[in-house]
Amino acid sequence: MNLENSIQTPVFRLIGEEADRLGLECYVIGGWVRDLLLHRPSKDIDIVVVGSGISLAEAVAKRLGKGAHLAVFKTYGTAQVKKGETELEFVGARRESYRSESRNPIVETGTLEEDQNRRDFTINALALCLNKNRYGELLDPFGGIADLEDCTIRTPLDPDITFSDDPLRMMRGIRFASQLGFCLAPETFMAIKRNCERINIITKERIADELNKIMLSRRPSVGWKLLDSTGLLPLVFPELAELKGVETKDGRGHKDVFLHTLQVLDNVASKSDYLWLRWAALLHDIGKPKSKQWEPGAGWTFRNHNYLGARMIPRIFKKMKLPQNEKMDYVIKLVDLHMRPINLIEDTVTDSAVRRLLFEAGDDIDDLMLLCNADITSKNEDKVRRYHQNYELVKQKMVELEEKDRIRNFQPPVRGEEIMQLLSLEPCSLVGELKSAIKDAILDGVIPNEYEPAKAYLMQLAKERGLI
Ligand code: CTP
C-alpha cells in the first residue's frame, strides 16, 4: 500500500530529504499513522530511523531554522524537535526487552521490523517510509491494517511477551478499545487476564493517565467493563470493584451499583466532556457498600451514602495520584450534593430548600442537575419521564429564585468589618455568628438579599442580644 497522497505535509518531505542526505532510512511510525488511517486528529509525530535518530533530528532542526527547538536525550538515544505546533520525536530503531521485575529496558540497535515488533499493538506498529524513492510506502508486517479494518486490538508478538515487557500496555489496550470502540483480540484479552497482577509494578501516575483517557472516551463504560472482565479492576481501583454484585434477602435484591454507575457515567459522557464531572459520575455512589443495610420493612437502604462517598474521595484521589486541588473539591461537592435535588421534587418543597441548594452548589448547580438527570436509570419509562419532568420544575424554580435573590454566588451584603464597626466589636466568634444569622435569614426568605434590609436585621439581632 502507498499512502503518498495522504502525507503531503512539507515537514515530512524535508525529513525524507535530510535522511537521504545522511544515507539513513526513516519512517513515521505508531500513533500518527494509526490516526491518519482512522481520520482522527493526532499531534505527536514519531520518527524512527534505522541508525542514529539524534543525527537526523539535528539535521532536521537545522533545516527548519529559526524558531526550531532541539532537545537531545543521549541516554535514551532520542531527540525532540519542536517548531510552532509541530512536535517531532526521533528515535533509532531498536530491539528491546525488559528484565522481568524492572521497567529499565535493555536497549540494542535493531532493524525496522525488530522495532515494529517490540511495539504494543499491531495498529500502533504501522510505519510509513519518508525516503524519497519509497515515499509513502506502508510497512505492515503484522496485519495492522486488517486489525484497523476489523476494529481489533492485538499485540504483534505473543501477548505474554508484549505485556511482560511493559505491563502498562494492558491498560493501553483497554484504553484504545474504549477510545476507538475496538475489541480486544481473544488471545490479547486472555493474556491480560493471565498477566493482570503485573500491573502492580507500574506507577500510579501512568495508570491514572490511562484511566483519564478511558474517562474521556465516548463511552467510558467500555473501558471500565474490560478492566473488570480482565481482572485489572480490583488492582487499579478496588473501591469501584466493591460496587459489583447484588445481594438478595427475603426475595428482595438491590440494583447492581457497578452497572448502574457505568450507565450514569455514559449518560453524563453523552452530555459533557468535562473530565471531573465524569469522575463525579463514576464516584457518585462509591459510598454505597459502606452504608448498605437491610432494614426490616424498608428493605435495602443506603442512608447517607452521598456523605460517606464524599468523605472517601480525598483518600482515593491521593492513592490513585489524581489531583488534590479544586478539581477534587468539585468532585467531592457533587458527590455530596447528588441526592439533594431528588428531595426537592415534591410539591411541598420550600423556596428555602431550593435557595440552600443554590447557595451550596454555587456555579456548579448546572453540572449537579446534569448528574442527577443522568442518575435516573430505571427501566420503567414512565417513571423516568416523571423524574425528568420534575427536575425541569425544580430547575424552573431555581431560575425564578435566582433571578429574584441572586444566591448562586452569594456574598454577605453586610461584611464582617462593618459588623465590627457598627457594633464596636473586636474580632471574635460572635461576628461569624451574626454573619451566619444574616445568611440564614436570606436563605430562609426572612429578608431579601440586599444591603439595607440586612443591616436592619443585624441591628434588630444586636438589640435582642443586648449588644446595643
Ligand atoms: N508504545 C509502545 N508501548 C508503550 C507505549 C508506546 O509500544 N507502552 C509505542 C506505540 O507504537 C505507540 C508509540 O509508542 O504508538 C507512541 O506512544 P504514545 O505517544 O504513548 O501513544 P500513541 O499510540 O501515539 O497514542 P496516544 O497519543 O493516544 O497515547
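In each ligand, atom 1 is the first atom listed, and ligand 1 is the first ligand listed. Positions are given from 1 along the sequence.
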Novice: With distance as the sole criterion, is a donor-acceptor pair present between the side chains of R134 and Y27 under 3.5 Å?
Specialist: yes
Novice: Could you check whether atom NE2 of H388 has more than 12 heavy atoms from other residues, nucleotides or ligands sitting under 6.0 Å from it?
Specialist: yes
Novice: What's the shortest distance from atom 22 (P) of ligand 1 to any protein heavy atom, and which residue and atom give it?
Specialist: R34 NH1, 3.8 Å
Novice: Based purely on interatomic distance, does R118 place a nitrogen or oxygen under 3.5 Å from a nitrogen or oxygen of ligand 1?
Specialist: no
Novice: Keeping T9 on the side-chain end and F12 on the backbone end, is there a donor-acceptor pair under 3.5 Å?
Specialist: no
Novice: Provide the full list of ring-ring contact (aromatic ring centres under 6.0 Å, His included) pairs with a residue in residues 318-337, sequence neighbours left out, each pair given once.
Specialist: Y274-Y330
Novice: Strictly distance-based, threshold 3.5 Å: is any side-chain N or O of N409 a donor or acceptor partner for the main-chain N or O of G362?
Specialist: no
Novice: Below 4.0 Å from ligand 1: does a non-hydrogen atom of K213 turn up there or not?
Specialist: yes
Novice: Looking only at heavy atoms, which two atoms of I199 and V236 are closest? And how far apart?
Specialist: CG1-CG1, 4.2 Å
Novice: Might you point out which heavy atoms bring L211 and W224 nearest each other, and give the distance in Å?
Specialist: CD2-CH2, 3.7 Å
Novice: Which is it for R169 and ligand 1 at heavy atoms under 4.0 Å: side chain, backbone, both or neither?
Specialist: side chain
Novice: Any N/O of G31 closer than 3.5 Å to an N/O of ligand 1?
Specialist: yes
Novice: Taking side-chain hydrogen bond (donor to acceptor under 3.5 Å, both in side chains) as the definition, give me every residue that meets it alongside E17, ordered by chain and number, with sequence neighbours left out.
Specialist: R63
Novice: Relative to atom 20 (O) of ligand 1, which among E89, E210, R172, Q179 owns the nearest non-hydrogen atom?
Specialist: R172
Novice: Can you tell me which portion of D166 lies within the under-4.0 Å heavy-atom range of ligand 1? Options are side chain, backbone, both, or neither.
Specialist: side chain
Novice: Short N/O distance, under 3.5 Å, between W32 and ligand 1?
Specialist: no
Novice: Measure Q116 to ligand 1 on non-hydrogen atoms and call it side chain, backbone, both or neither using the 4.0 Å cut-off.
Specialist: neither
Novice: Geometry only, no angles: is D44 polar-contacting ligand 1 at N/O separations under 3.5 Å?
Specialist: no
Novice: Looking only at heavy atoms, is any part of F163 under 4.0 Å from ligand 1, and if so is it the side chain, the backbone, or both, or is it neither?
Specialist: neither
Novice: If the plane angle is over 60° it's perpendicular, under 30° parallel, otherwise tilted; pick one for F317 and W276.
Specialist: tilted
Novice: Counting only heavy atoms closer than 4.0 Å, does ligand 1 sit against the backbone of D46, its side chain, both, or neither?
Specialist: side chain
Novice: Check contact between F176 and ligand 1, using heavy atoms of the residue and a distance below 4.0 angstrom.
Specialist: yes
Novice: Is at least one protein non-hydrogen atom found at under 4.0 angstrom from atom 27 (O) of ligand 1?
Specialist: no
Novice: Show which atoms of ligand 1 fall inside a sub-4.0 Å distance from at least one heavy-atom site of R175.
Specialist: 26 (P), 28 (O), 29 (O)
Novice: Compute the centroid of each ring, for H284 and then for H260, and state whether the two points are separated by less than 6.0 Å.
Specialist: yes
Novice: Specify the protein heavy atom at minimum distance from atom 7 (O) of ligand 1: its residue, its atom name, and the distance to 0.1 Å.
Specialist: D120 N, 2.8 Å
